[in-house]
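Every heavy atom of this structure was used, including side-chain atoms; hydrogens, water molecules and symmetry mates were not. Everything numeric in this text was worked out from a predicted model, so none of it was measured.
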Amino acid sequence: MASAPATAPAAGLGAGGGKDDELADLLRRLVDALARYADRLPFDLDRQKLRSLTTLAAISVTILIAWKMLRAPQEQPRRPRRRAAPSSSNTSSRSRPGVLATTDACSSGDSRAHEAVNQLFQPVNLTLEQLVRHKLNEGRRVTCRLLGVILEETTPEELQNHVTVRPSVVEILLEIAKFCDVYLMEHVLDDESEEKVLSSLSEAGLFASGVLIKDKVLFCSTENGRTSFVRQLEPDWHIDTSPEIVHQLARFIKYQLHISPQRPERIASNIFSSPSLEQYFGGLDQR
């Protein structure tokens, strides 16, 4: 008889420990999720400050969930079945009338907590416009080379024979041009290459809506000429495939996107890399 009271506190202590573990796990998941989201931003954050802010946010969300659980009305216990045969478990339950109600309320509260956590960590589906604005960090002027980014060709020599616009970049480029001042530029070897490039861009529909302007497609006779264009235009973002030009402009341009099949080593905090333009703007998980 003396051992029964001691068992109840011990069981309660174990249940309390389980709740503490769930709460700690919830806090850890929230902090990790916020940290991962911060890593996707196109600018660096102080890790120590981020840890303090995410911890404060986690505690706030946990208090909110707990408050909603406490103020929610407890569900009424289910009606007992008719003429259930007496058993030792039924007898035990009748001797403690609050057990069934407490168990149902706890399970209901747990389910509400898990549902709230699942809703918190659901992936967010963004539109292309939202993705572009997020990735460009509200930049207002963009300069971009054509070879290897907008065009399938990668050398000026290829432009003398044929010019092919990448179909997968058309929608993205038009979306960027809706709220950014976009300049396209390239190094060409002759006037015929310029005409072929402009004709292919027009046939792809890039000038049809009027957000991209033919006069803002610039040509130069050397690679250094592209660097001069960018420095004169002073864009918020420059997109290029040349590591030399990206390196030269790192001190002068706010942000750059280096398009490269291999992920190069990041040489500066304001330089991002991606295998293609469409992959960079394809989702928040791309950097």
Side-chain angles (χ1 to χ4, degrees), residues 40 42 124-189 191-220 223 226 229-230 233 235-242 245-246 253 255-263 271-287:
R40 297 168 183 166
V124 178
N125 294 323
L126 301 179
T127 64
L128 179 59
E129 178 184 357
Q130 291 171 328
L131 283 171
V132 168
R133 287 180 178 272
H134 170 79
K135 290 288 190 175
L136 293 182
N137 197 26
E138 300 297 333
R140 304 305 298 175
R141 175 171 289 181
V142 176
T143 55
C144 178
R145 84 166 302 181
L146 289 165
L147 286 173
V149 181
I150 308 301
L151 305 179
E152 297 281 2
E153 291 75 19
T154 57
T155 64
E157 289 76 15
E158 292 179 81
L159 298 180
Q160 293 179 305
N161 301 318
H162 52 79
V163 178
T164 307
V165 176
R166 298 168 59 93
S168 54
V169 305
V170 172
E171 184 181 6
I172 295 173
L173 187 59
L174 289 175
E175 192 64 48
I176 295 173
K178 286 180 181 179
F179 64 95
C180 287
D181 188 17
V182 177
Y183 289 82
L184 304 177
M185 54 190 65
E186 195 47 68
H187 165 212
V188 294
L189 301 179
D191 294 341
E192 289 75 14
S193 296
E194 292 185 21
E195 295 175 0
K196 289 179 181 178
V197 169
L198 291 173
S199 176
S200 294
L201 294 176
S202 180
E203 291 175 2
L206 288 172
F207 303 134
S209 62
V211 292
L212 273 175
I213 302 174
K214 187 178 295 187
D215 292 339
K216 292 184 179 181
V217 181
L218 310 178
F219 299 96
C220 54
E223 287 287 288
R226 193 163 74 251
F229 281 155
V230 175
L233 291 168
D236 298 302
W237 280 83
H238 176 62
I239 304 170
D240 212 296
T241 60
S242 169
I245 290 181
V246 169
I253 307 303
Y255 298 114
Q256 289 191 88
L257 176 59
H258 182 198
I259 302 297
S260 173
Q262 294 82 28
R263 196 178 186 102
I271 298 177
F272 302 89
S273 63
S274 177
S276 66
L277 188 69
E278 53 268 39
Q279 286 193 36
Y280 182 75
F281 291 103
L284 289 177
D285 57 334
Q286 300 290 339
R287 282 294 296 266

Margin query: Are there over 12 heavy-atom neighbours, none belonging to Glu171, within less than 6.0 Å of that residue's CD?
Written below: no

Check: Which distance, rounded to the nearest 0.5 Å, do you find between the CD1 of Ile259 and the CZ of Phe272?
Finding: 12.5 Å

Next item on the list: Check the pair Val197 / Glu194 against side chain to side chain contact (heavy atoms under 4.5 Å, CB included), numbers first and verdict last.
Entry: CA-CA 5 Å; Val197 169; Glu194 292 185 21; 5.9 Å; no

Notebook entry, point to check: Closest approach of Lys135 and Trp237, non-hydrogen atoms and distance?
Noted result: O-CZ2, 3.2 Å

Margin query: My understanding is that only residues two or more places apart in sequence, or in another chain, count here; which of them pass side chain to side chain donor-acceptor pair (under 3.5 Å) with Ser202?
Written below: none

Item checked: side-chain contact (heavy atoms from CB on, under 4.5 Å) partner of Ile239, chosen from Leu257, Leu184, Val246, Thr143 -> Leu257

Next item on the list: Output yes when Arg133 and Glu129 qualify as a salt bridge under the 4.0 Å nitrogen-oxygen rule, no when they do not.
Entry: yes

Next item on the list: Report yes if the side chains of Val230 and Met185 come closer than 4.5 Å at any heavy-atom pair, otherwise no.
Entry: yes

Notebook entry, point to check: Is there a side-chain contact between Glu153 and His162, using heavy atoms and a 4.5 Å cut-off?
Noted result: yes

Check: Would a 4.5 Å heavy-atom cut-off, applied to side chains only, mark Ile150 and Leu201 as touching?
Finding: yes

Notebook entry, point to check: Tell me, do Val211 and Ile176 make a side-chain contact under 4.5 Å, heavy atoms counted?
Noted result: no

Note to self: Closer than 3.5 angstrom, by distance alone: can the side chain of Arg140 be matched with the main-chain N or O of Phe179 as a donor-acceptor pair?
What the structure shows: yes

Check: Hey, what do you get for CD1 (Ile172) to CG (Leu277), rounding to the nearest 0.5 Å?
Finding: 5.5 Å

Next item on the list: Work out which heavy atom in Leu206 is nearest to a heavy atom in Val170; give both atom names and the distance.
Entry: CD2-CG1, 3.9 Å

Checklist line | Straight-line distance of Glu192 CD to Leu159 CG, nearest 0.5 Å | finding: 12.5 Å

Next item on the list: Please name the pair of heavy atoms, one in Thr241 and one in Arg145, separated by the smallest distance, quoted to 0.1 Å.
Entry: OG1-NH1, 2.9 Å

Checklist line | Glu195-Ser199 side chain donor-acceptor pair, cut-off 3.5 Å | finding: no

Check: Under 4.5 Å between any side-chain heavy atoms of Val182 and Lys216, yes or no?
Finding: no

Notebook entry, point to check: Can you name the nearest heavy-atom pair linking Lys214 to Leu198, along with the distance?
Noted result: CG-CD2, 3.8 Å

Notebook entry, point to check: Atom OG in Ser168, atom CG in Leu173: separation rounded to 0.5 Å?
Noted result: 11.0 Å

Checklist line | Backbone of Ser276 reached by a side-chain donor or acceptor of Gln279 within 3.5 Å | finding: no

Item checked: Residue pair Phe281 / Leu131, side-chain heavy-atom distance below 4.5 Å -> no

Margin query: Give me the atom names and distance for the closest heavy-atom approach of Ile245 to Gln256.
Written below: O-OE1, 4.3 Å

Margin query: Would you compute the distance between atom CD of Glu152 and atom OG of Ser200 and round it to the nearest 0.5 angstrom?
Written below: 11.5 Å

Note to self: With heavy-atom distances below 4.5 Å as the criterion, would you say the side chains of Val163 and Leu151 are in contact?
What the structure shows: yes

Next item on the list: Verify, without hydrogens or angle tests, whether Glu186 (side chain) and Leu146 (backbone) share a donor-acceptor contact under 3.5 angstrom.
Entry: yes

Check: Hey, what do you get for CD1 (Ile271) to NE2 (His238), rounding to the nearest 0.5 Å?
Finding: 10.5 Å

Check: Which heavy atom of Arg166 sits nearest a heavy atom of Val149, and at what distance?
Finding: CD-O, 3.3 Å

Next item on the list: Examine distances only and state if a side-chain atom of Arg226 and a backbone atom of His187 form a donor-acceptor pair shorter than 3.5 Å.
Entry: no

Next item on the list: Check whether any side-chain heavy atom of Tyr183 sits under 4.5 Å from a side-chain heavy atom of Pro235, and report yes or no.
Entry: no

